[in-house]
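Keep in mind that this is a model prediction, so the values were computed, not measured. In what follows, every chain begins at residue 1, and chains take the letters A, B, ... in the order their sequences are listed.
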Amino acid sequence: TQLLEQSPQFLSIQEGENLTVYCNSSSVFSSLQWYRQEPGEGPVLLVTVVTGGEVKKLKRLTFQFGDARKDSSLHITAAQPGDTGLYLCAGAHLGETGANNLFFGTGTRLTVIP
Amino acid sequence: KAGVTQTPRYLIKTRGQQVTLSCSPISGHRSVSWYQQTPGQGLQFLFEYFSETQRNKGNFPGRFSGRQFSNSRSEMNVSTLELGDSALYLCASSLYPGKGLPGGYTFGSGTRLTVV
């Protein structure tokens with residue numbers, strides 16, 4: 001089973017605070033994606049990381065892929081109410097095509113209180 | 001361009017009934033994947049279609065089936081509904097299977113199915 005565990009499961013913070021969400025697995029992935037899903041909508045892709053140790057920044061969001069490509073983190077600086085949503089990580093394997101090889105994490109539900 | 005369109009958005013069915021959900025992919029996308037999302041299990045892969053052929057299937061019972069038409073639109077069917085089938089069913093489209101990652105999957109808003 002290609003299990004991706006995310007922590008924390010739930011997070012409620014005040015506007016302006018910083019936070020980090022973790023995505024961990026015992027499996028090695030060739031690439032890892034982060035999605036945000038708002039209530040009543042489907043997941044929207046935020047970023048894809050493909051190289052061990054890679055760091056990508058998207059405005060106030062910083063994504064890191066672990067050196068061993070088994071884990072990833074998402075750091076949000078100065079959180080805003082618009083960041084509220086369900087954050088999902090998803091890992092994939094190189095050379096194995098198809099959606100059946102995209103494994104989603106358990107999700108972190110973030111609430112940013114104004 | 002229009003995104004992935006799923007219909008209906010909400011559905012309430014009675015246990016034992018069957019249901020058909022529809023997904024229209026982004027224009028030009030030929031691959032359609034289906035997922036089931038529940039609070040307890042998260043996002044789970046159902047199946048993937050490309051050029052009217054099922055390429056991959058997840059670990060779901062035979063009550064779950066799907067098909068894809070020549071215009072790439074896809075439907076999924078669930079027969080003999082059970083209470084545990086209540087979930088958000090999501091469809092995602094991409095240009096080609098395998099081209100769906102990294103970065104190529106676009107999800108629809110989903111169909112919320114409630115079985116009573």
Participant: Within a 6.0 Å radius of atom CD1 on B:I12, are there more than 12 heavy atoms belonging to other residues, nucleotides or ligands?
Facilitator: no
Participant: Are B:F64 and B:L81 co-members of a hydrophobic cluster defined by side-chain heavy atoms under 4.5 Å apart?
Facilitator: yes
Participant: Counting C-beta onward and ignoring hydrogens, is there a side-chain heavy-atom pair between A:Q37 and B:L90 closer than 4.5 Å?
Facilitator: yes
Participant: For B:L43, is it the side chain, the backbone, both, or neither that has a heavy atom closer than 4.5 Å to a heavy atom of chain A?
Facilitator: both
Participant: Hydrophobic clusters here meaning ILVMFWY residues chained together by side-chain heavy-atom distances under 4.5 Å, can you tell me if A:V112 and A:L61 are in one?
Facilitator: yes
Participant: What part of B:Q44 gets within 4.5 angstrom of chain A, counting heavy atoms only: side chain, backbone, both, or neither?
Facilitator: neither
Participant: Answer yes or no: does atom CZ of B:R63 have more than 12 heavy-atom neighbours from other residues, nucleotides or ligands under 6.0 Å?
Facilitator: yes
Participant: For the hydrophobic clusters of this structure (ILVMFWY residues joined by side-chain heavy atoms under 4.5 Å, transitively), does one cluster hold both B:L11 and B:M76?
Facilitator: yes
Participant: For A:L32, is it the side chain, the backbone, both, or neither that has a heavy atom closer than 4.5 Å to a heavy atom of chain B?
Facilitator: neither
Participant: Specify the closest pair of heavy atoms between A:G40 and B:R9, including all atoms of both residues, with the distance to one decimal.
Facilitator: O-NH2, 2.5 Å
Participant: Considering only heavy atoms and a distance below 4.5 Å, find which of B:R112, B:Q37, B:Q41, B:Q6 pairs most often with chain A.
Facilitator: B:Q37
Participant: Under the criterion side chain to side chain contact (heavy atoms under 4.5 Å, CB included), I'd like the reasoning laid out for B:Y35 against A:F104: C-alpha separation, chi angles, the key distance, then a yes or no.
Facilitator: CA-CA 11 Å; B:Y35 295 83; A:F104 281 88; 3.7 Å; yes
Participant: A:Y35 and B:F107: aromatic ring centres closer than 6.0 Å?
Facilitator: yes
Participant: Flag yes if A:L58 and A:Y87 sit in one hydrophobic cluster, no otherwise; membership is Ile, Leu, Val, Met, Phe, Trp, Tyr, and two members link when side-chain heavy atoms are under 4.5 Å apart.
Facilitator: yes
Participant: Where on B:L46 is there a heavy atom nearer than 4.5 Å to chain A: the side chain, the backbone, both, or neither?
Facilitator: neither
Participant: Answer with side chain, backbone, both or neither: which region of A:E38 has an atom nearer than 4.5 Å to a non-hydrogen atom of chain B?
Facilitator: neither
Participant: Does A:L11 belong to the same Ile/Leu/Val/Met/Phe/Trp/Tyr cluster as A:I76, with side-chain heavy atoms less than 4.5 Å apart forming each link?
Facilitator: yes
